[in-house]
Protein chains: 2
Amino acid sequence: MKAPVTLKQLSLLLNISIATVSRALKDHPDISVETKKKVRELAGIMDYEPNAYAISLKTNNSKEFGIIVPEISNYFYNYFIAAIEEEARRYGYSVIILQSGNDPQQELENIRRCRKSRVTGLFVSTITDSVDMTEFKKTEDSGIPVIFFDKVPAYNSCNKVCVADEQAATIAAHVMINKGKKDVLAIFGDSNMSISASRKSAFCEELRSNAPDCKITTIEARNSEEAYQRAAKALKSKKRPDGIFCMSDEILSGVMKAIQLLKLNIPSDTGVIAISNGFIPQLYYPEITYAETSGFKLGKLAFARMMACMAGSTFTQTIIAESVLVNGGSI
Amino acid sequence: MKAPVTLKQLSLLLNISIATVSRALKDHPDISVETKKKVRELAGIMDYEPNAYAISLKTNNSKEFGIIVPEISNYFYNYFIAAIEEEARRYGYSVIILQSGNDPQQELENIRRCRKSRVTGLFVSTITDSVDMTEFKKTEDSGIPVIFFDKVPAYNSCNKVCVADEQAATIAAHVMINKGKKDVLAIFGDSNMSISASRKSAFCEELRSNAPDCKITTIEARNSEEAYQRAAKALKSKKRPDGIFCMSDEILSGVMKAIQLLKLNIPSDTGVIAISNGFIPQLYYPEITYAETSGFKLGKLAFARMMACMAGSTFTQTIIAESVLVNGGSI
DNA sequence: AACATTTGCGAAATCATTTGCGAAAACGTT
DNA sequence: AACGTTTTCGCAAATGATTTCGCAAATGTT
């Protein structure tokens with residue numbers, strides 16, 4: 001248990017002032033090359049590491065970004081986080097990740113924690129029923145840019161980066177149309193969530209206007225288990241749908257379980273298409289065709305927006321990441 | 001962009017010294033009740049929040065734990081992290097999560113980052129080929145307890161908390177025996193990883209000694225895709241195995257894909273059993289039977305060990321979390 | 001009344017680093 | 001030689017909170 005090396009110690013050993021050591025280490029032009037060399041050498045030997053807290057205290061900034069998500073066990077967020085980390089690293093920042101569970105109280109604590117530790121910027125995907133903006137406002141007031149992503153608040157004047165829900169749903173609808181499906185089963189998540197509503201309306205509208213004779217049955221399923229139960233029921237009926245649309249990975253996994261239960265063949269017995277980040281679809285054979293909503297791409301966009309805010313962008317902006325179709329042979 | 005409130009500001013407004021304000025806020029007996037009341041009131045109104053960096057600078061401790069994992073997109077780690085967070089919160093600590101990707105360089109950076117930010121303790125699951133202990137030693141030398149979990153180094157004198165690899169493999173072998181399997185296919189991960197070796201030897205030994213007439217075929221697969229390819233090949237052969245053991249989720253997902261490819265029925269055509277944390281197995285119908293290795297339980301154990309180390313436990317210890325069988329109907 | 005103890009609070013040091021300003025030395029210019 | 005300029009570096013303040021020490025007044029003890 002040896003104490004960490006400090007500038008003071010180096011300065012004592014070299015018989016020069018602390019200030020000079022500090023400047024030498026950061027290649028300040030005021031310092032001569034020889035002095036720099038000596039300082040760097042000793043610092044190397046004693047492996048000096050600057051005290052992050054002293055620096056943050058001085059600069060009032062921590063060179064780290066905060067990411068707050070409902071939960072990290074989610075492939076979409078994982079990719080988002082990966083993208084942010086990748087970019088952050090390039091700029092010499094690090095990233096801390098905080099989970100809010102489904103507890104608004106915890107989300108609050110997380111925000112406060114980020115503010116206390118003076119993060120440089122904050123990326124937030126809020127919890128379903130989180131509506132209180134005061135805590136976020138406070139954060140922005142103290143000079144920390146906040147970028148909302150994926151689950152963004154309805155509140156208008158804030159920076160948002162989200163996936164193209166409508167577009168992804170439209171892509172899926174198009175596939176249904178092109179494949180000439182006549183009886184489509186579409187399963188959506190909790191109808192209280194705006195994401196479900198927007199995907200549903202986009203999907204149904206596109207299908208109805210381009211294939212008016214196609215029958216659409218919609219089901220709501222709040223989790224994988226519900227999707228499993230309800231899909232199984234729907235698939236058992238005499239008039240089995242010839243195409244199934246799953247608006248999320250959770251729903252897709254439930255549907256696939258139902259399909260296995262009934263020993264149906266894909267895509268001959270029924271076709272399947274989903275909106276997904278890509279992990280779940282490739283677990284099956286044939287792999288599931290999906291409209292991709294890439295957390296990675298979203299992360300890159302969010303980071304770019306963050307940089308703009310840090311550079312002093314004053315206005316707020318809503319950015320939408322486009323979706324692409326990934327063919328897997330399931331429809 | 002208003003600057004945060006400081007003790008100084010409060011002291012100025014109240015016409016008392018900074019020291020008194022500080023003590024009043026932490027209920028120091030030296031301070032009179034009236035003074036305390038006044039201070040607390042003003043602090044409340046101005047919503048004063050102590051500067052975390054100043055405190056950490058003084059105390060050389062950050063009241064936060066670091067968790068370093070290869071990647072967070074892993075249900076095992078998610079549960080581990082959840083457990084640590086839950087416990088940490090109870091004790092007034094927070095948690096920062098860092099990913100190493102599969103890059104040893106990044107693992108190093110992560111460790112350094114934790115040391116720089118003077119985390120109270122560090123939980124680490126190392127990368128496959130990480131063997132250099134000097135960085136960890138340095139961390140412990142500076143007074144930060146390090147608890148290894150799951151993927152632990154072979155190095156002896158360090159604190160480790162791991163799942164009962166052998167036991168889980170033995171449980172799976174027992175199921176094979178009880179079901180009277182005669183031709184078992186067992187798929188293991190990268191043979192360079194100790195986890196693969198220990199699971200393999202435990203599984204094979206148990207099976208051989210209790211069911212000497214059972215044929216065992218072992219395959220190595222370093223990822224899901226390899227498991228898929230090789231399992232498909234093995235399952236196509238005339239003499240199809242009647243039981244498959246998958247040592248991990250990754251392998252299981254590849255095997256299941258092969259099974260779907262060949263349209264085999266589970267468990268009638270062949271049985272499947274895995275070692276898993278539980279997420280992947282319940283994606284299929286029938287759900288896959290597995291020997292559970294619980295990240296959550298492991299997290300609780302790791303935290304307890306951490307507390308012991310912080311309290312001054314000097315010796316090192318290796319703790320094993322037991323595994324239980326979860327029946328899913330796949331064998 | 002003389003002394004001891006308790007109460008309530010402030011001054012100043014401390015943590016490690018950064019930085020504006022000043023100072024001394026070295027150098028160049030006329 | 002006198003002056004201006006550049007180079008190189010140190011002093012000291014500042015960041016925000018904690019904590020040791022000590023002071024003065026109030027209270028208690030004999």
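We name chains A, B, ... by the order of the sequence lines, and we start the count at 1 in each one. Values below: every heavy atom of this structure, side chains too, minus hydrogens, waters and symmetry copies.
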Visitor: Distance check needed: dG8(C) C1' versus E34(B) CD, whole Å only.
Guide: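 Interatomic distance, CD of E34(B) to C1' of dG8(C): 10 Å.
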Visitor: Rounded to whole angstrom units, what separation is found between the NE2 atom of H28(A) and the P atom of dT19(C)?
Guide: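 Atom NE2 in H28(A) sits about 8 Å away from atom P in dT19(C).
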Visitor: Would you say the side chains of R118(A) and S62(A) form a donor-acceptor pair under 3.5 Å?
Guide: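 S62(A) and R118(A) do not have a side-chain donor-acceptor pair below 3.5 Å.
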Visitor: Nearest-Å distance, CG (N61(B)) to C1' (dT14(C))?
Guide: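 Between C1' of dT14(C) and CG of N61(B): 17 Å.
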Visitor: NA contact type, T35(A), heavy-atom cut-off 4.0 Å: base, sugar-phosphate, or nothing?
Guide: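 Sugar-phosphate: the residue T35(A), judged by heavy atoms under 4.0 Å, touches backbone atoms but no base.
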Visitor: Check whether any side-chain nitrogen or oxygen of S22(A) sits under 4.0 Å from OP1 or OP2 of dT18(C), and answer yes or no.
Guide: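 Result: yes.
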Visitor: Please work out if I16(B) contacts a base, only the sugar-phosphate, or nothing of the nucleic acid, heavy-atom cut-off 4.0 Å.
Guide: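 Sugar-phosphate, no base atom in range.
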Visitor: In whole angstrom, what separates L25(A)'s CG from dA16(C)'s P?
Guide: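 Checked: the CG to P distance equals 16 Å.
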Visitor: Cation-pi check for Y93(A) against K63(A): NZ or CZ below 6.0 Å from the six-membered ring centre and within 45 degrees of the axis, yes or no?
Guide: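 Judged by the rule (NZ or CZ under 6.0 Å from the ring centre, within 45° of its axis), K63(A) counts as positioned above Y93(A).
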Visitor: Could you go over nucleotides 22-27 of chain C and give all protein N or O partners under 3.5 Å, atom names and distances?
Guide:
none

Visitor: Mind listing the closest non-hydrogen atom pair of K160(A) and N156(A) along with its distance?
Guide: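 Scanning both residues, the minimum pair turns out to be CE-O, 4.0 Å.
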Visitor: Taking only side-chain N and O atoms of T59(B), does any of them lie within less than 4.0 angstrom of OP1 or OP2 on dA17(D)?
Guide: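 For dA17(D), OP1/OP2 do not have a side-chain N/O of T59(B) under 4.0 Å.
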Visitor: Would you kindly say whether T120(A) and N61(A) are connected by a side-chain donor-acceptor distance under 3.5 Å?
Guide: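 Looking only at side-chain atoms, N61(A) and T120(A) do form a donor-acceptor pair, the distance falling under 3.5 Å.
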Visitor: Does dT19(D) have its OP1 or OP2 closer than 4.0 Å to a side-chain nitrogen or oxygen of K58(B)?
Guide: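 Indeed not, no polar side-chain atom of K58(B) lies that close.
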Visitor: Could you check how far CZ of R23(B) sits from P of dC21(D), rounded to whole Å?
Guide: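 Distance, rounded to whole Å: 13 Å.
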Visitor: Of I31(B) and R118(B), whose nearest nucleotide on DNA chain C comes first from the 5' end?
Guide: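 Per heavy-atom nearest nucleotide, the more 5' residue is I31(B).
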Visitor: Does the gap between the ring centers of F303(A) and F65(A) come in under 6.0 Å?
Guide: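 Centroid distance F303(A)-F65(A): below 6.0 Å, so yes.
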Visitor: More 5' along DNA chain C: N15(B) or L57(B), using each one's nearest nucleotide?
Guide: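 Checking each residue's closest nucleotide, the 5'-ward one belongs to N15(B).
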Visitor: Rounded to whole Å, please give me the gap between NZ in K8(B) and C1' in dA13(D).
Guide: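 Going from NZ in K8(B) over to C1' in dA13(D) covers 10 Å.
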Visitor: NZ of K36(A) versus P of dT8(D): gap in Å, rounded?
Guide: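 After rounding, the gap between these two atoms is 8 Å.
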Visitor: Determine, stepwise, if the pair F149(A) / V69(A) fulfils side-chain contact (heavy atoms from CB on, under 4.5 Å).
Guide: CA-CA 9 Å; F149(A) 67 95; V69(A) 291; 3.6 Å; yes
Visitor: Does F136(B) have its ring centroid less than 6.0 Å away from the ring centroid of F148(B)?
Guide: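 Between F148(B) and F136(B), which both carry aromatic rings, the centre distance is below 6.0 Å.
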Visitor: Under a 4.0 Å heavy-atom cut-off, which of residues 43-56 of chain A touch DNA chain C?
Guide: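 When residues 43-56 of chain A is checked for heavy atoms under 4.0 Å from DNA chain C, the hits, listed by number, are Y48(A), E49(A), P50(A), N51(A), A54(A), I55(A).
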Visitor: Begin with the C-alpha distance, continue with both residues' side-chain angles, and end with the deciding distance and a verdict on salt bridge (Lys or Arg N to Asp or Glu O under 4.0 Å) for R40(A) and D27(A).
Guide: CA-CA 10 Å; R40(A) 286 208 202 106; D27(A) 212 18; 3.0 Å; yes
Visitor: Is there a donor-acceptor contact under 3.5 Å linking the side chains of S313(B) and R305(B)?
Guide: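 A pair is found: one side chain offers a donor N or O, the other an acceptor, under 3.5 Å apart.
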Visitor: Once you round it to whole Å, what is the distance between C1' of dT15(D) and CD1 of I18(B)?
Guide: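 Taking atom C1' of dT15(D) as the reference, CD1 of I18(B) is at 11 Å.
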Visitor: Under the criterion side-chain contact (heavy atoms from CB on, under 4.5 Å), I'd like the reasoning laid out for S125(B) against Y77(B): C-alpha separation, chi angles, the key distance, then a yes or no.
Guide: CA-CA 9 Å; S125(B) 179; Y77(B) 291 138; 2.8 Å; yes
